[in-house]
Structure formats: C-alpha cells, structure tokens
Amino acid sequence: MYEIKIYFYIAQNQMLAAIDTCLQVLEFLGEPLFREPPLELAIEDLINLPQMTDPHKLAAMRIAIASRFSNS
C-alpha cells in the first residue's frame, strides 16, 4: 500500500511527499535511515550474511529502494 503511494507521488513529480512517506514508513518499521553508515559496517562482509527473510525488514528494503527512485 505504501509502496504504491510512494510511486504515485514519484509519478506526479511530488518528490518531497515521496521522500517524506518513505521516511515515515521506515521509521514505523523500526528501520530509520541514517546519514552515516554504522562504524562497524564492513562492506566486504555483506556477501557473507544470510538471506533476509524477515517480512518487516524486506518491506523496509522495498521502501528504501522506492526512496532511491525519488532522489534521481
């Protein structure tokens, strides 16, 4: 539902509304975006992580990807 709303805003060229919705949904899902990556993050270690199966985390990823489209 939120993804559709976000893509609707993007299609209507309402980028601030799309970004605001993305941020609200990510906060609601408990996955807020931060300006800086965590200090303990090592990009090369990401390939060794198990496949994500948590539905809330997967939803957060879809919303984060949608927010990327509103920034292009």
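Values below: every heavy atom of this structure, side chains too, minus hydrogens, waters and symmetry copies.
The hydrophobic clustering, which links ILVMFWY residues whose side-chain heavy atoms are closer than 4.5 Å, places I19 and M61 apart. Note on Y7: it clusters hydrophobically with V25, by side-chain heavy-atom contacts below 4.5 Å among ILVMFWY residues. Residues L23 and F28 share a hydrophobic cluster, clusters being chains of Ile/Leu/Val/Met/Phe/Trp/Tyr side chains in contact below 4.5 Å.
Residues E3 and I63 share a closest heavy-atom pair of CG-CD1, 3.7 Å. Across all non-hydrogen atoms, the minimal contact from T21 to K5 is CG2-CD, 4.4 Å. Of all non-hydrogen atoms in L26 and A60, the two that sit nearest each other are CD2-O, 3.3 Å.
Environment of CG in L49: crowded, with over 12 heavy atoms of neighbouring residues, nucleotides or ligands closer than 6.0 Å. A 6.0 Å sphere centred on CG of L46 holds more than 12 heavy atoms belonging to other residues, nucleotides or ligands.
Here CD1 of I6 is found 9.5 Å from CD of Q24. Values are rounded to the nearest 0.5 Å.
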